[in-house]
Amino acid sequence: MATIQLTGDNVKSRIWWMTWVERNEIIGRIVQDDVGRCQIWPAGPHWSPMKSFAAFTFDSPETAAAEVELYFRGR
């Protein structure tokens with residue numbers, strides 16, 4: 001099971017942190033650009049398997065997080 005939780009950054013309003021709930025680990029962040037597109041930046045030990053996400057943009061932070069959740073459910 002993989003549940004990804006989004007938490008807004010305390011300082012920058014266009015950044016959300018992704019936490020893998022079952023492991024209580026931050027696995028990356030989502031950064032929204034000036035036109036509203038979101039990009040995933042993996043972090044921590046999960047960087048290597050998730051690095052391909054950096055090549056894609058998403059319509060919303062929720063859409064990006066859903067893709068990450070699907071990815072981890074398949075692992």
Side-chain angles (χ1 to χ4, degrees):
M1 182 72 173
T3 305
I4 305 300
Q5 178 182 0
L6 288 179
T7 305
D9 189 79
N10 292 335
V11 177
K12 298 190 178 195
S13 63
R14 293 184 177 193
I15 294 178
W16 292 264
W17 294 95
M18 294 183 292
T19 303
W20 185 347
V21 174
E22 290 80 12
R23 292 189 178 193
N24 194 28
E25 292 179 33
I26 292 176
I27 58 170
R29 68 181 189 257
I30 298 171
V31 179
Q32 189 175 44
D33 66 18
D34 293 336
V35 295
R37 302 291 294 165
C38 296
Q39 194 168 16
I40 297 170
W41 294 97
H46 305 289
W47 180 86
S48 185
M50 286 181 47
K51 64 186 172 192
S52 62
F53 280 117
F56 301 102
T57 58
F58 300 90
D59 293 331
S60 70
E62 294 79 15
T63 303
E67 286 295 320
V68 172
E69 193 168 288
L70 285 173
Y71 170 78
F72 278 104
R73 282 186 182 172
R75 294 192 77 208

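The model shown is predicted, which means the values in this text are computed figures rather than measured ones. Sequential numbering from 1 along the given sequence is applied to the chain's residues.
Heavy-atom neighbours of D33 CG from other residues, nucleotides or ligands within 6.0 Å: above the threshold of 12.
For the residue pair S60 and C38, the shortest heavy atom distance occurs at C-SG, 3.6 Å. Closest non-hydrogen pair, I30 versus A65, comes out as CD1-N, 3.9 Å. T19 and I26 make their closest contact through OG1-CG1, 4.0 Å (heavy atoms, listed as atom of the first residue, atom of the second, distance).
With Q5 contributing its side chain and V21 its backbone, the two residues share no donor-acceptor pair below 3.5 Å.
Residue pairs meeting the salt bridge (Lys or Arg N to Asp or Glu O under 4.0 Å) criterion with at least one partner in residues 6-21, sequence neighbours excluded, are R14-D34.
Applying the side-chain contact (heavy atoms from CB on, under 4.5 Å) test to E22 and every residue at least two apart in sequence or in another chain returns M1, T3, W20.
Once rounded to the nearest 0.5 Å, the distance linking CD of E67 with CD of E62 reads 13.0 Å.
F53 and F58 have tilted rings, their planes meeting at an angle from 30° to 60° on a 0 to 90° scale.
Annotation: side chain of I27 is in contact with side chain of F72 (closest heavy-atom distance under 4.5 Å). Within the 4.5 Å cutoff, side-chain heavy atoms of M18 are placed close to those of L6.
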